[in-house]
Student: 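Below you will find the structure I want to go over with you.
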Amino acid sequence: MTAIDIQTKYPPVRNYIAGGFVDADADYLDVFNPADGRVISRVPLSARADVDRAVAAAEKAFPVWSAMPIKERVQVFFRYKALLEKNIDELAKLITEENGKIDSEARAEVLKSAELCEFATSLPQITAGEVLEVSRGVECRVERYPVGVVACITPFNFPNMVPNWTIPNAIALGNCMILKPSELVPLSAGRIAELLREAGLPDGVLNIVHGGQQTVEAICDHPGIHGITFVGSTKVAKIVYRRGTQNLKRVLALGGAKNHLIVMPDAEPEMTSSNVVASMSGCAGQRCMAASVMMAVGKTDHIIERMVKIVRGMVPGQHIGPVISREAKKRIESYITEAEQQGAKVLVDGRGYTVPGKEEGYYVGPTLIDYVTPDMRIAQEEVFGPVMVIIRAKDVDDALGVQHRSPYGNAASVFTESGGVARYVMENASAGMVGVNVGVPVPREPFGFGGWNESKFGVGDITGRGSIEFWTQSKKMTTKWNKEAGVNWMS
Ligand code: NAD
């Protein structure tokens, strides 16, 4: 398919290289609005030559950008943060159009991007380095230097926020970047580039190359790219981690998730039921932090009954957006059907849901399924839709046992009024982000974001302090100015 054969609401998406939008020499894919199934734009599947052009632009920009003092570099992010806030209506609308999430969720995403900038603007205060007189007249100091040209590969579920997990920190720390957004949601990236340009980011410091698998492979293989972050499914995280490190790059690859919420019988019913439902249904369940398994410990029927009531009151199209694609809707519904056939009890059924006037939209209603057993596929695999399975557990160790057998380890939470049980779960859950009475335990800045096990490959976190080591390399400097030092073991 070419870029120009049908009129769409937005013109075909273009790559952004050296401060300007350019066409790729590529095949194009349709971009859909998940709420009504309409084609709203087209996205190029860029080739190696496009990645080469972006890397050349980043390499050209790097010497000047990296030599600029960090206090000057972060000025761009003060201005960019203000622009995100000023343009939030339009940015949120774009997110809703390409991803489907409802307006309040899209706004929250932009506000989170602004918070990520807030952290980046504090980097001069927290990366000042170290210095010590290690012997008489001899000084050692450590300074941080950028890695060089780096790349960031992002998923469909947060078109604005996930690119902003990396852009502010990586660039403020002196790197130049190639962003490869998800081909399902390519529109927000162009606005990010425009706002950064308006904020004063020099040409070539951020470049965008759109595409899919072959574009990612070109990034992993490119000798001019020295670091890669990836966020997406575990299957692709493994591919990118292996291929990138095979090519001797530093790689941090965040993968998929299966997040367990342990609900104890003493949990406060109102807070617990509303938090659990918000966690499984927010962003139509398409968050890597969404709860998808509720481990109901002992007598928790009164909480489940409240959850059923809340879920029945939710209106798709109003309280919950569509999922990303027709295939995703089909896949999610088939998980529900299979669980039902295996003996689980569907308490609220979101299959076959349509929204009047948007019959072609990819809606799945919020779904609760009880009496799921840990051996069912729906209990083990990432469903990535608004579906909560309930597994009955006899005690907290039984519940933790199910959590431990999951290959993932992004998030886990416990709902209880007991401090002892809360601490026990926080210590023993096999996950990188744990919560107590919190349905979506995303750490806010300055704390870093990153899971364990097959939810993350590589060292460090993708945001916060945990990302500083990834985006920089330290230089250890030893100097001797004082002749009093004489000849010693450091000479
Ligand atoms: P995905 O893995 O399909 O795609 C992610 C990126 O990889 C996209 O840019 C895509 O173009 C590229 N890609 C796809 N297939 C590829 C291949 N074979 N080789 C090379 N590149 C390829 O993920 P998605 O469907 O866009 O996003 C949803 C997934 O992301 C879920 O699994 C979710 O849990 C995960 N996610 C994880 C986090 C986290 O922090 N751990 C955050 C957000 C999303």
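Counting starts at 1 for both ligands and their atoms, following the listed order.
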Student: At under 4.0 Å between heavy atoms, which part of Tyr408 makes contact with ligand 1: side chain, backbone, both or neither?
Tutor: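 Tyr408 to ligand 1: no contact under 4.0 Å from either part.
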Student: Identify the protein heavy atom lying closest to atom 10 (C) of ligand 1, giving its residue, its atom name and the separation to 0.1 Å.
Tutor: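 Answer, as residue, atom name and distance: Glu183 OE1, 3.5 Å.
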Student: Check whether Glu454 reaches the backbone of Pro407 with its side chain - one donor and one acceptor, N or O, closer than 3.5 Å.
Tutor: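 No, the answer is negative, given that no donor and acceptor are paired below the 3.5 Å cut-off.
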Student: Considering only heavy atoms of Asn157, which atoms of ligand 1 have at least one such atom less than 4.0 Å away?
Tutor: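 So the answer, numbered in order with elements, is 43 (C), 44 (C).
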Student: Determine whether the side chains of Tyr10 and Glu97 contain a donor N or O and an acceptor N or O closer than 3.5 Å.
Tutor: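 Indeed, the side chains of Tyr10 and Glu97 share at least one donor-acceptor pair under 3.5 Å.
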Student: Which ligand 1 atoms are under 4.0 Å away from a heavy-atom of Gly256?
Tutor: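 The atoms of ligand 1 under 4.0 Å from a heavy atom of Gly256 are 32 (O), 34 (O).
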Student: Quick check on Gly451 - does any of its heavy atoms sit under 4.0 Å from an atom of ligand 1?
Tutor: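 No, Gly451 has no heavy atoms under 4.0 Å from ligand 1.
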Student: Could you walk me through whether Lys101 and Ile95 pass the side-chain contact (heavy atoms from CB on, under 4.5 Å) check?
Tutor: CA-CA 7 Å; Lys101 65 180 68 174; Ile95 294 170; 3.9 Å; yes
Student: Look at the side chain of Lys358 and the backbone N and O of Tyr363, then say whether any donor-acceptor pair between them is shorter than 3.5 Å.
Tutor: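 No, Lys358 side chain to Tyr363 backbone: no donor-acceptor pair under 3.5 Å.
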Student: Is the closest side-chain donor-acceptor distance between Asn259 and Asn410 under 3.5 Å?
Tutor: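 No, because no side-chain N or O of Asn259 sits under 3.5 Å from a partner of the opposite role on Asn410.
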Student: Please state which option from Ala411, Cys220, Gly255, Pro186 has its nearest heavy atom closest to atom 41 (N) of ligand 1.
Tutor: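 Among Ala411, Cys220, Gly255, Pro186, the closest heavy atom to atom 41 (N) of ligand 1 comes from Gly255.
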Student: Is there any N or O on Ile153 that sits under 3.5 Å from an N or O of ligand 1?
Tutor: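 No: no nitrogen or oxygen of Ile153 is under 3.5 Å from one in ligand 1.
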Student: Is atom 4 (O) of ligand 1 in close reach of the protein, with a heavy atom under 4.0 Å away?
Tutor: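 Protein heavy atoms within 4.0 Å of atom 4 (O) of ligand 1 - there are none.
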Student: What residue and atom, counting heavy atoms only, is the protein's closest point to atom 27 (O) of ligand 1, and at what distance?
Tutor: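 Going by distance alone, atom 27 (O) of ligand 1 is nearest to Pro155 CB, 3.3 Å.
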Student: Please report the shortest heavy-atom distance between Arg48 and Ala218, naming the atom on each side.
Tutor: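 Arg48 and Ala218 have their closest heavy atoms at CG-CB, 3.5 Å.
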Student: Return yes if a side-chain donor-acceptor contact under 3.5 Å exists between Asp375 and Thr373, otherwise no.
Tutor: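 A donor-acceptor contact under 3.5 Å links the two side chains.
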Student: Would you mind checking which non-hydrogen protein atom is closest to atom 2 (O) of ligand 1, with the distance to 0.1 Å?
Tutor: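 Result: Ser233 OG, 2.6 Å.
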Student: If we ignore hydrogens and angles and just use 3.5 Å, is the side chain of Lys329 paired with the main-chain N or O of Tyr353 as donor and acceptor?
Tutor: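 Side chain of Lys329 to backbone of Tyr353, a donor-acceptor pair under 3.5 Å: yes, one is there.
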Student: Need the ligand 1 atom indices (1-based, order shown) with element for anything under 4.0 Å from a heavy-atom of Val216.
Tutor: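 That gives atoms 20 (C), 21 (N) of ligand 1.
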Student: Judged by non-hydrogen atoms, does Phe158 sit under 4.0 Å from ligand 1?
Tutor: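 Heavy atoms of Phe158 never come under 4.0 Å of ligand 1.
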Student: May I ask you to list the atoms of ligand 1 that are less than 4.0 angstrom from any heavy atom of Glu382?
Tutor: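 Those of ligand 1 that fall under 4.0 Å from Glu382 are 31 (C), 32 (O), 33 (C), 34 (O).
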Student: Could you tell me the residue and atom name of the protein heavy atom closest to atom 14 (C) of ligand 1, and the distance to it rounded to 0.1 Å?
Tutor: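 I find the closest protein heavy atom is Val236 CG2, 3.9 Å.
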Student: Are Gln403 and Lys258 side-chain neighbours, meaning at least one heavy-atom pair lies under 4.5 Å?
Tutor: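 Of all side-chain heavy-atom pairs linking Lys258 with Gln403, none is under 4.5 Å.
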Student: Looking only at protein heavy atoms, identify the closest one to atom 35 (C) of ligand 1 and say how far it is in Å.
Tutor: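 Result for atom 35 (C) of ligand 1: Gly232 O, 3.0 Å.
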Student: Output the list of atoms in ligand 1 that are nearer than 4.0 Å to some heavy atom of Phe230, sorted by atom number.
Tutor: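 Counting atoms of ligand 1 from 1, those under 4.0 Å from Phe230 are 2 (O), 5 (C), 6 (C), 7 (O).
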Student: Taking distance alone, with N or O pairs closer than 3.5 Å, would you say Phe156 contacts ligand 1?
Tutor: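 Yes; at least one N/O pair falls below 3.5 Å.
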Student: What I want to know is whether Thr234 and ligand 1 share at least one N or O pair that is separated by under 3.5 angstrom.
Tutor: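 Looking only at distances, the answer is no, because the N/O contact criterion of under 3.5 Å is not met.
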Student: As an exercise, identify every atom of ligand 1 less than 4.0 angstrom from a heavy atom of Lys180.
Tutor: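 Here the atoms of ligand 1 in question are 8 (C), 9 (O), 10 (C), 11 (O).
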Student: When you measure from atom 8 (C) of ligand 1 to every protein heavy atom, which one gives the shortest distance, and what is it?
Tutor: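 For atom 8 (C) of ligand 1, the nearest protein heavy atom comes out as Thr154 O, 3.4 Å.
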Student: Can you pull out the closest protein heavy atom to atom 40 (O) of ligand 1? Residue, atom name and distance to 0.1 Å, please.
Tutor: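 The protein heavy atom lying closest is Phe449 CE2, 3.0 Å.
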Student: Return yes if a side-chain donor-acceptor contact under 3.5 Å exists between Thr367 and Arg351, otherwise no.
Tutor: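 Arg351 and Thr367 do not have a side-chain donor-acceptor pair below 3.5 Å.
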Student: So, Ser188 and Asn160: side-chain donor and acceptor under 3.5 Å apart, yes or no?
Tutor: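 Not at all, the side chains of Ser188 and Asn160 share no donor-acceptor pair under 3.5 Å.
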Student: Go through the steps for Leu252 and Lys456 under the test side-chain contact (heavy atoms from CB on, under 4.5 Å), then give the verdict.
Tutor: CA-CA 7 Å; Leu252 182 61; Lys456 191 187 80 178; 4.1 Å; yes
Student: Would you please indicate yes or no on a ring centroid separation below 6.0 angstrom for Tyr16 and Phe21?
Tutor: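 Judged by ring-centre distance (under 6.0 Å), Phe21 and Tyr16 do meet the cut-off.
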Student: How far is atom 28 (C) of ligand 1 from its nearest protein heavy atom, and which residue and atom name does that atom have?
Tutor: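 Its nearest protein heavy-atom neighbour is Phe384 CE2, 3.5 Å.
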